[in-house]
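Structure, as structure tokens:
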Amino acid sequence: MRFFYESRDQTVTRTLMVVLRLYLGIVFLLAVSSKLGGEPGFAGRLPVILERLGESSHGFYRGFLHAVVIPRAPLVAGFIIVGEFLVALSLILGIATRLGAGLAMFLVLNYMLLKGAWFWTPSSNDAAFFVIGLVVMLGAAGRAFGIDYLLAARWPRIGLW
């Protein structure tokens, strides 16, 4: 029983949460920076990317791709760029970290399904990013060395920080 009580009382330090938060934020910053500029632009390349990757996606997701996403590829490309930028900004600055981590989880879940991967697929870095996002969100990682610390002190009942 001693093992149970001592193990339960141990917590992960906030420093580790900051490292995970910054790591995921930098990954998203690098991801969005590769989508900016270039010819013909991310919006122009997205339908080709979706068609190519969609061949290996799950059947239920493939139908969603062809019915909803691919016909609206320029709009979806804009959402992806804005979403990845907001995630990067949120996680790096530690502002509205839970919202940013939730958006990161939503994005990488869609990337994972597009590729036909599952959480237990060994090569799925998207699954690892999803879990990191979950830890960052549940651990309120923005309250350590982030703007969320100040926001939580001012507005403690708002769950975004």
Side-chain angles (χ1 to χ4, degrees), residues 12 16-148 151 155 158-161:
V12 177
L16 180 58
M17 294 296 234
V18 173
V19 169
L20 290 174
R21 187 189 88 213
L22 291 174
Y23 170 74
L24 193 57
I26 291 169
V27 165
F28 272 90
L29 185 64
L30 294 173
V32 75
S33 66
S34 70
K35 292 173 178 70
L36 300 174
E39 291 298 325
F42 179 64
R45 295 188 316 263
L46 186 60
V48 175
I49 294 169
L50 293 173
E51 288 287 348
R52 183 175 45 87
L53 291 175
E55 293 173 3
S56 61
S57 65
H58 304 292
F60 69 91
Y61 199 77
R62 194 175 309 124
F64 170 71
L65 278 175
H66 290 288
V68 177
V69 179
I70 293 174
R72 295 164 185 84
L75 181 65
V76 171
F79 284 148
I80 290 171
I81 290 170
V82 169
E84 287 183 352
F85 178 75
L86 290 176
V87 166
L89 190 66
S90 169
L91 297 180
I92 291 171
L93 296 178
I95 185 168
T97 306
R98 287 181 169 163
L99 182 63
L103 181 56
M105 291 165 54
F106 174 77
L107 287 168
V108 297
L109 179 65
N110 278 282
Y111 301 158
M112 185 173 61
L113 293 174
L114 172 67
K115 297 171 189 173
W118 293 109
F119 284 101
W120 51 86
T121 304
S123 63
S124 179
N125 62 338
D126 296 320
F129 293 149
F130 184 91
V131 172
I132 291 171
L134 181 63
V135 168
V136 167
M137 183 173 71
L138 294 177
R143 293 185 185 187
F145 301 106
I147 296 173
D148 283 354
L151 296 173
W155 297 286
I158 298 177
L160 294 177
W161 27 84

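Residues take their numbers from the sequence shown, with the count starting at 1. All heavy atoms count here, side chains included; hydrogens, waters and symmetry mates do not.
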Closest contact, heavy atoms only, [X] versus [Y]:
| X | Y | result |
| --- | --- | --- |
| V32 | I81 | CG2-O, 3.4 Å |
| G142 | T97 | CA-OG1, 3.2 Å |
| I80 | K35 | CG2-CE, 3.9 Å |
| A31 | E84 | C-OE1, 3.6 Å |
| A127 | M112 | CB-SD, 3.8 Å |
| A101 | V136 | CB-CG1, 4.0 Å |

Side chain [X], main chain [Y], donor-acceptor under 3.5 Å:
| X | Y | value |
| --- | --- | --- |
| H58 | K115 | no |
| N110 | F106 | yes |
| S90 | V87 | no |
| R21 | L91 | yes |

Find the distance between [atom1] ([X]) and [atom2] ([Y]) and round it off to the nearest 0.5 Å.
| X | Y | atom1 | atom2 | answer |
| --- | --- | --- | --- | --- |
| L134 | L20 | CG | CG | 11.5 Å |
| I26 | I92 | CD1 | CD1 | 5.5 Å |
| I132 | N125 | CD1 | CG | 9.5 Å |
| L65 | L50 | CG | CG | 6.0 Å |
| L24 | M137 | CG | CE | 12.0 Å |
| L114 | L53 | CG | CG | 4.5 Å |

A quick test of your reading: do over 12 heavy atoms of other residues, nucleotides or ligands sit less than 6.0 Å from [atom1] of [X]?
| X | atom1 | value |
| --- | --- | --- |
| Y61 | OH | yes |
| F119 | CZ | yes |
| F145 | CZ | no |

> Should the ring pair W118 and W120 be called parallel, tilted or perpendicular, given that the plane angle runs from 0 to 90° and is split at 30 and 60?
Replying inline: parallel
>> Less than 4.5 Å apart, side chain to side chain, heavy atoms only: is that true for L107 and F28?
In response: yes
> Do the non-hydrogen side-chain atoms of F129 and L109 ever get within less than 4.5 Å of each other?
Replying inline: no
> How far apart are the C-alpha atoms of I95 and L151, what are their side-chain angles, what is the distance that settles it, and do they pass the side chain to side chain contact (heavy atoms under 4.5 Å, CB included) test?
Replying inline: CA-CA 8 Å; I95 185 168; L151 296 173; 3.9 Å; yes
